[in-house]
Amino acid sequence: MLLNQFLLLAAILFSIGVYGVIVRRNGVLVLMSIELILNSVNINLIAFSTYHGLGGQVFALFVIAVAAAEVGVGLAIVLLIYRNRRSVDIDALDELKG
Amino acid sequence: MWFLTHTWIMPALMALSFLAILAVGKRLPKKGSEIGVAAVGICFVLALLTAGSWWQHTNDTGESGEHASGVLAVAPGAGDAEEHDPEAFSDVEQGCSRVVDEADHEGNSEKAEADHEGDTEGEEHSSGIAPGESASAESTAVATAEEGEGHAATKPVVRCFTWFDNGPADSSTITVGTMVDGQSVFMLVVVGLISLLVHIYSTDYVNGDRRYTHYFAFLSLFTASMMFFVLAQSTLQMIVGWELVGVCSFALIGHWWEEKPNSNAALKAFLTNRVGDIGLLVGMIILYFAAGRSFSILDINILAASGGISHGLLLVASVCLLAAVMSKSGQFILHTWLPDAMAGPTPVSALIHAATMVVAGIYLVARLYPVFFEGLSIAGSSVNLLAVVGAVTAMFGALLAFVQKDVKKVLAYSTISQLGFMVTALGVGAWTAAMFHLFTHAMFKACLFLGAGSMSHAAHHSFNMVDDYGGLRKIMPRTFWTFIIATGALAGIFPLSGFWSKDEILAGHGTFFSEGGNGTYHVMLAMLIIGAFCTAAYMTRTIWYCFYGEYRGVGTPHESGPRITVPLIILATLGAVVGFLNLPKSIGPINFPESLHTQFEQFVEPVGAYFPSISHAEFNVPLALFSLAVAGLGVLLPYLYYFKGGLAPIRDLSERNALARWGKNVLVNKYYFDWLYTDVITGFVKGPLARAANWFNAKVLDGIVDGVGAGAVVTGQWVYENIDQEVVDGAVNAAGTTATETGGVLRYLQSGRIQQYAALFFAAAALLAGVFVVATG
Amino acid sequence: MIAALAPLSFLAQSATGNSFDVPANVVFYIVAAFMVFAAIRVVTTDNIVHAALWLILVLSGVGLNFLLLQAEFVAITQILVYLGAIVVLFLFGIMLTRAPLGRADDLDNNMRPIGVAVGLLLTAVIAFALIRTFGNDSLTFEAYAGSQAVAGNNRTTALANEIFGPQLIPFEVLSVLLTAALIGAIVLARRD
């Protein structure tokens, strides 16, 4: 097996995740896209750990744990948005507009 | 030995008591105070047993430790090989100190040979005065010889376990444990005793308080954290104990937090201490790396004493740690929190001032003494930072006590001044004198505070001795007599305890005509003598206001109950007699038998590779007489002034003489330190700095602008007509049009939509990454 | 044969000649194709619940990839944490925000072309860099072999030694982070 086949798969997943982050309007769907990105990174980490020892696997585990935390907090934020605006449409969040 | 290896029971018991009081205290008949009193009582008994055990241990060492005296009491630099003698640390558990472990490792192979020759060599050493060494060590030769006579290396008993072990075992093991030697044992006794008496006293004093249970819980935690600090085996533990002590004092100073001044005082104490804590952290981190990644106090001390750590590092570390000591022990210039801390309940003040909070700073210096001793080059110099800070504090703190109306504030400044004595003593190398003064001071200062509490109990919770006290001598005889004895001890009247300890400190400086053992600190000696004079004087003034004249307060005062007076009597008795624990070897022609003199020194002062070889000053009769005379004068002058109404020339001097008035104002305003901190430093930015900027703006800049403006009008007119209308307008119009058009395009970018930003971000990142790849490829 | 499976034929050149390679490659390409398809469905489907279900497929595929890379423990953790916890959390999130359970045609905004462009650009840049850098490097598993010797022929033991040895402090910090996130989520989502 080649190293690159895993890395390229990860790159494709990453790009798909980025696409999702850009085009999705629903907050939950955006979070799902972020999960795609994180998972592609994990594939990279594991693939490289075949070269550099188990550190990559440890980091993948850390990323999984951080992702769990991120989803927890992210969904809480989405819930809060929903409670305040009766909608999770990210397009409607334009408070950053000066 | 069991008691020496199980000292951890004491802090653990007090911590348990804290939790138990919080959990079930409110439901008990005495609201939880019984748990606290019982726990601290057990601790005190344990501390006494530990002290007895240590006594035994030291005696055993003295008899069997033939290696000890000769080998370990050598002058600095005389022996690098000897200090690795594993025999001296046979009570250190494996893993607690890397230096000792390594020495053990090396020692084991050599031990077999050494055993054969041991007897003969050992005797040579135990006779102690190895002449060659003394001669080579020159200036400290006498001291070395003297130590050789009576002292054996007191082996610290160290027990620890690995808290966590990160990475390779030799580099970053973090251990937790207890380090028991004379110093920690005596502090345990002090903390246990004062805390026990304060507990008993408090059951009466804060009776019926709205947070009675909470109060006792925190007393327990306070005791626990101080014991934890005292027993610390690693510097990490010291930091934890240090901060815990700070938190507890914060909670107790602010015990009546509903009133704004009290919570302010608590905050002030806490924040001022934070300033010093930065120094503590930095210093400890420096020491950690300097000692080859070890938190063990034993490692740090051995390396510092043997020159294993460079002088520069030690200097920086000791200056950083000194900042911590200044804040914790109320040394100038970070002392301002201590008088305000009087807002707490009086027994807490007694605890803070006698046994826990402020003493922690002194204990820290004493514990890491080799760091300070080598870092500040205490031996053989005539000035160093520690001594200067201490002497300044001792003198100026005592002066401040003169103008206070509040009896507790007098005592607070008195504590600051006495702590200054201890710091100076440490600074001039009189380690034992400092520890001994800490010991005696704990007794009589606790007695004074508790006495003040007893008076305020009688005088409707007022501490204002000038307006609300007076004539209490007849009404409260027990309080009066205990207060008098404690005052005498504080002023250093023979033969009360304060006399012995103060005199030891003074003698440690050397006299005016001869050198002290560790260098000559004449300036500090003079300042301390002035401090001692002031101490005697302001205490006499306090006695006058409290106990003589007519009662000036409201209501009818009465003597306090036995739970208040019994601790007073115990403390006054101790304050009178503990001075005999460290009698000098001889006073003039009188020689004391060996079992009587310098007992404290023998059982408290560490001797061995983890302690620098300091010299001990001899009792100096002229100096003692002189300081006694100064103290007597300090009593006499206020006596004539207040009691006899004499000294007419200086009466109301401050109203007639401008200089005196100025001096008094300085004192009343506490040298303007509070003013400096709150008004100048914090006020500077918002006040004068802003005004100065405003003035500069209004006068200077505006003037320039006006002048320039007038000229500009003239030039402008010409420019307007010729250049502006023709050239510039064209350019400006063009620029404006361009800006409008660009803005029209760009405004779509600032949509406020996060996803658009994300798209831009990713696109830009991808483009940049592409450029990067191509450029580097 | 393998070359016929995908246009990315250069990937199939076996450098090691390991007998495991051929079936492993077959499995990989099948799984990878599924994953890419499922991932695309996640970001394009117009049914939120379906998106979550497609996500399950992708995540399982990632787990399978971990197995192919001989990271069994991480693979199991991946399945347990992602499929067991995170996807369920997503489904809860969908329900709690009253998302439309059927088809909905307003799930995407009007930036699809931009998204496609950015995605393709990213893929192109990353792929270019990867192919340039790693070319035909094959997986070695040498690092695993080294740690096996230490850990008595057990990769999970080796991993445990790694986590609870050199990586202990990050691990502890991570537990603090999780606690903080837990508290943060509670504070945010609490109704008060």
Side-chain angles (χ1 to χ4, degrees), chain A residues 1-9 11-20 22-29 31-33 35-36 39 42-43 46-47 49-55 57-58 60-62 64-73 75-80 82-83 88-89 91, chain C residues 11 21 24-25 28 32 36 39-40 42-43 48 51 55 58-59 62 65-66 69 71 74 77 81 85-86 89-90 93-94 96-97 99 107-109 111-112 114-115 118-119 122-123 126-127 130-131 134 136-141 143 147 158-159 162-163 167 174 177-178 181 184-185 188-189:
Chain A
M1 284 190 291
L2 298 179
L3 176 63
N4 254 341
Q5 62 196 59
F6 290 95
L7 300 187
L8 285 174
L9 172 64
I12 293 167
L13 284 184
F14 184 87
S15 305
I16 293 173
V18 168
Y19 171 81
I22 292 174
V23 301
R24 288 307 210 175
R25 289 174 69 179
N26 187 303
V28 180
L29 285 171
L31 284 180
M32 288 186 196
S33 306
E35 289 308 311
L36 284 181
N39 271 285
N42 270 356
I43 294 179
I46 302 278
S49 81
T50 61
Y51 276 95
H52 299 288
L54 290 163
Q57 297 199 19
V58 176
L61 286 173
F62 288 175
I64 290 176
V66 171
E70 175 255 351
V71 170
V73 176
L75 279 178
I77 293 174
V78 169
L79 271 187
L80 198 65
Y82 175 74
R83 204 176 294 147
V88 286
D89 188 351
D91 268 7
Chain C
L11 288 176
D21 266 7
N25 270 332
F28 172 79
V36 172
I40 292 175
V42 170
V43 295
I48 297 188
L55 185 65
V58 183
L59 299 177
V62 174
N65 266 312
F66 291 168
L69 288 164
V74 187
T77 314
V81 174
I86 293 183
L89 211 56
F90 275 125
I94 291 168
L96 286 173
T97 55
L107 286 181
D108 283 8
N109 56 26
M111 297 205 298
R112 276 192 198 140
I114 301 175
V118 170
L122 268 175
T123 316
I126 299 177
L130 286 177
I131 292 168
F134 295 107
N136 286 334
D137 292 2
S138 58
L139 293 172
T140 57
F141 298 105
S147 38
L159 184 61
E162 181 82 9
I163 292 180
Q167 311 277 1
L174 189 69
L177 176 84
L178 277 178
L188 284 175

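Sequence lines set the chain letters: A, B, ... in the order given, protein chains first and strands last, and positions in each chain run from 1.
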Taking every non-hydrogen atom, the tightest pair across [X] and [Y]:
X	Y	result
A:L54	C:L159	CD1-N, 3.8 Å
C:A189	A:R83	O-NH2, 2.7 Å
A:I22	C:G115	CG2-CA, 4.1 Å
C:A181	A:A69	CB-CB, 3.5 Å

Name the region of [X], side chain, backbone, both or neither, that has any atom closer than 4.5 Å to a heavy atom of chain C.
X	result
A:L29	side chain
A:L75	side chain
A:V73	both
A:I16	both
A:V28	both
A:L3	both
A:D89	neither

[atom1]-[atom2] distance between [X] and [Y], expressed to the nearest 0.5 angstrom:
X	Y	atom1	atom2	answer
A:L8	C:I131	CG	CD1	5.0 Å
A:F6	C:L139	CZ	CG	6.0 Å
A:N26	C:I94	CG	CD1	7.5 Å
C:F90	A:E35	CZ	CD	4.5 Å

Per-residue contact mode, [X] against chain A (heavy atom under 4.5 angstrom):
X	result
C:A32	both
C:V81	side chain
C:L89	both
C:L55	side chain
C:L107	both

Quick one: which of [options] has the most heavy-atom pairs under 4.5 Å with chain C, could you say?
options	value
A:F62, A:Y82, A:F14	A:Y82
A:V18, A:L80, A:V71	A:V71
A:I64, A:V88, A:L13, A:I77	A:I64
A:L36, A:N39, A:L7, A:V58	A:N39

Review point. Given A:N4 and C:D137, is the side chain to side chain contact (heavy atoms under 4.5 Å, CB included) satisfied, shown in steps?
Key: CA-CA 7 Å; A:N4 254 341; C:D137 292 2; over 6 Å; no
Check your understanding: Between A:L9 and C:F28, does a side chain to side chain contact (heavy atoms under 4.5 Å, CB included) hold up when you go through it step by step?
Key -> CA-CA 10 Å; A:L9 172 64; C:F28 172 79; 3.9 Å; yes
Top contributor to chain A interface from [options] [non-hydrogen pairs under 4.5 Å]:
options	answer
C:I163, C:V62, C:I40, C:T77	C:V62
C:V118, C:L96, C:L177, C:I114	C:L96
C:L178, C:L59, C:V58, C:I86	C:I86
C:N109, C:V36, C:L122, C:I126	C:N109

**Study point:** Ion pair check, C:D108 and A:R24, cut-off under 4.0 Å
**Key:** yes
**Study point:** Any side-chain heavy-atom pair of A:Y19 and C:R112 under 4.5 Å
**Key:** yes
Review point. Would you call C:L188 and A:L79 a side-chain contact if the rule is heavy atoms closer than 4.5 Å?
Key: no
Exercise for review: Begin with the C-alpha distance, continue with both residues' side-chain angles, and end with the deciding distance and a verdict on side chain to side chain contact (heavy atoms under 4.5 Å, CB included) for A:M32 and C:V43.
Suggested key: CA-CA 9 Å; A:M32 288 186 196; C:V43 295; over 6 Å; no
Check your understanding: Only one of A:I43, A:N42, A:I46 forms a side-chain contact (heavy atoms from CB on, under 4.5 Å) with C:N65, so which one is it?
Key -> A:I43
